[in-house]
There are 2 protein chains.
Amino acid sequence: MTVAAGNQSRGEIAPGTRDDDAASATLASVELEVAQLLRRAERTHASGEPTGARRTGLDRSGYLLLHALGTHGPQHINALAARLGLDASTVTRQVVALEKAGRVRRTRDPDDGRAVVVEPTEGGLLQLTEHRSARADLYSDVLRDWSRLDRALLAELLARLNEGLDDYRRRRDTD
Amino acid sequence: MTVAAGNQSRGEIAPGTRDDDAASATLASVELEVAQLLRRAERTHASGEPTGARRTGLDRSGYLLLHALGTHGPQHINALAARLGLDASTVTRQVVALEKAGRVRRTRDPDDGRAVVVEPTEGGLLQLTEHRSARADLYSDVLRDWSRLDRALLAELLARLNEGLDDYRRRRDTD
DNA sequence: GGTAACACCTTGTAAGATACACCCATGACG
DNA sequence: CGTCATGGGTGTATCTTACAAGGTGTTACC
């Protein structure tokens, strides 16, 4: 599915026009909403909420890490760090935590004694699934008044926003 | 502006149908994207990025707090806490930090000796504006390939998602 | 008015996520 | 071999937040 992708009046020739104002109002609004979303979702994700972290025992970091492992298979710490856009030291700690909880396994790479292969356990994958489903239920409640179309739009736009942020980051890092 | 609000085929009578699967896939996707967004935006917001917090000296908490003050005027700590969905102790600390930075003023409420009125300073409001504009520039870069329409859609859907999360929270708290 | 209950804010303490700067072990190459 | 690069782990620091407990001012009620 692709959201209306044309329609852009490029070439904003005259700065300070009404159009320009509207455009920057939109951007400001996106920015503000994202900032607020961070706060809200953080709290919904983290502590407050018995359906989430506590019950399934997966916090956001663990969830995303397991997701990466589930989707892209066993990987080295550095690969995970790159994929998740995190510092390797952070990933190390997260992996250690997950290992303690029995959700991943850590083994030395036989082909490279420096490297560590991180691999999800059965239990880890199971918990990932459970967590995902619990979270989906939650969002089903949060979005209960939304139309199918709007939900799909939201998913799509969020995905694109994430891509945009990734690209932005890469651009800045490459400088 | 309102996004397509109808179209929902309610009454999901037969669980396990294809429609149902699609719906829960959408939810799962929203959930995952939000989780990822948190991570990304957090980092874009916080440290990594010289255009943001460091340069304007406003972190996310301060930004949202000042925004609340700018939009709704001087308020008590508790009112802010309620509005921001935070614990009062957290707001106290944030206000103290902003006060140290000269961005808000704290005075005893003459009508109620227990309460503290928090009020933005000139400089605080100025910095809020600057920050907002810097952030808008950032998002203008992040969303540079997006059509006007899609940006507006994103803003709208994010706003609704935030509302949804708020409502959800209220529902749970009221239980 | 006096006391008890309540409201508002602050401080103490703790937890999670993350980064950066270092350090150690291993591998690669001359 | 010896030097440099690479992969990971540790020490430390920051930021954000919550819950619990305490101080001080208000209100309500006898």
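Convention: sequence-line order gives letters A, B, ...; per-chain numbering from 1. FYI, side chains are in, hydrogens and waters are out, and symmetry mates aren't considered; it's all heavy atoms of this structure.
- Judged purely by atom type and a 3.5 angstrom limit, A:Ser133 has no side-chain atom pairing as donor or acceptor with the backbone of A:Thr129.
- The main-chain N or O of B:Ala25 is never found under 3.5 Å from a side-chain atom of B:Ser29 such that the two would form a donor-acceptor pair.
- Between B:Ser61 and D:dT16, a side-chain N or O to OP1/OP2 separation shorter than 4.0 Å is present.
- Taking 4.0 angstrom as the limit, B:Arg106 places none of its side-chain polar atoms (N or O) nearer than this to OP1 or OP2 of C:dC8.
- Whole-Å rounding puts the B:Leu98 CG to D:dC15 C1' distance at 14 Å.
- Rounded to whole Å, the distance from CG on A:Leu65 to C1' on C:dA17 is 13 Å.
- Applying the 4.0 Å criterion to OP1 and OP2 of C:dT18, one finds that A:Thr90 has every side-chain N and O outside that range.
- When distances are taken from the side chain of A:Ala115 to each of C:dC8, D:dT17, D:dG8, the shortest belongs to D:dG8.
- Whole-Å rounding puts the B:Ile77 CD1 to C:dA7 P distance at 18 Å.
- Atom pair B:Asp59:CG and D:dT14:C1' shows a separation of 11 Å (rounding to whole Å applied).
- Considering only side-chain N and O atoms, A:Gln94 lies under 4.0 angstrom from the phosphate OP1 or OP2 of C:dT18.
- Between the CG atom of B:Leu84 and the C1' atom of C:dC9 there is a distance of 16 Å, rounded to whole Å.
- Distance, B:Asp87 CG to C:dA14 P: 17 Å, rounded to whole Å.
- One N or O on the side chain of A:Asn162 and one on the backbone of B:Glu33 form a donor-acceptor pair closer than 3.5 Å.
- Counting only distance, with no hydrogens or angles, the side chain of B:Arg151 and the backbone of B:Leu143 share a donor-acceptor pair below 3.5 Å.
- Here the side chain of B:Arg108 pairs a donor or acceptor atom with the backbone of B:Arg114 at under 3.5 angstrom.
- Nucleic acid contact for A:Asp109: none, since no nucleic acid atom lies under 4.0 Å from a heavy atom of the residue.
- For B:Leu64 and D:dT16, the CG to P distance is 10 Å, given to the nearest whole Å.
- Projected onto DNA chain C by closest heavy-atom contact, B:His76 and A:Asp111 fall at different nucleotides, the more 5' of which corresponds to B:His76.
- Contact annotation: side chain of A:Arg114 to base of D:dT6, donor-acceptor pair present below 3.5 Å.
- For A:Arg93 and D:dG11, the CZ to P distance is 9 Å, given to the nearest whole Å.
- One N or O donor and one acceptor, one from the side chain of A:Ser89 and one from the base of C:dC20, sit under 3.5 Å apart.
- Across all strands, A:Ala88 comes closer than 4.0 Å to no nucleic acid atom at all (heavy-atom distances).
- With distances taken from any side-chain atom of A:Arg39 to the nucleotides C:dC20, C:dC9, D:dT17, the minimum falls on D:dT17.
- Not one side-chain nitrogen or oxygen of A:Asn78 sits closer than 4.0 Å to the OP1 or OP2 atom of D:dT6.
- Considering only the side chain of A:Val116, D:dG8 comes nearest among C:dA17, C:dG27, D:dG8.
- Here the closest heavy-atom approach between residue A:Ala68 and residue A:Leu84 is recorded as CB-CD2, 4.1 Å.
- Among the heavy atoms of the strands, none lies under 4.0 Å from A:Arg108.
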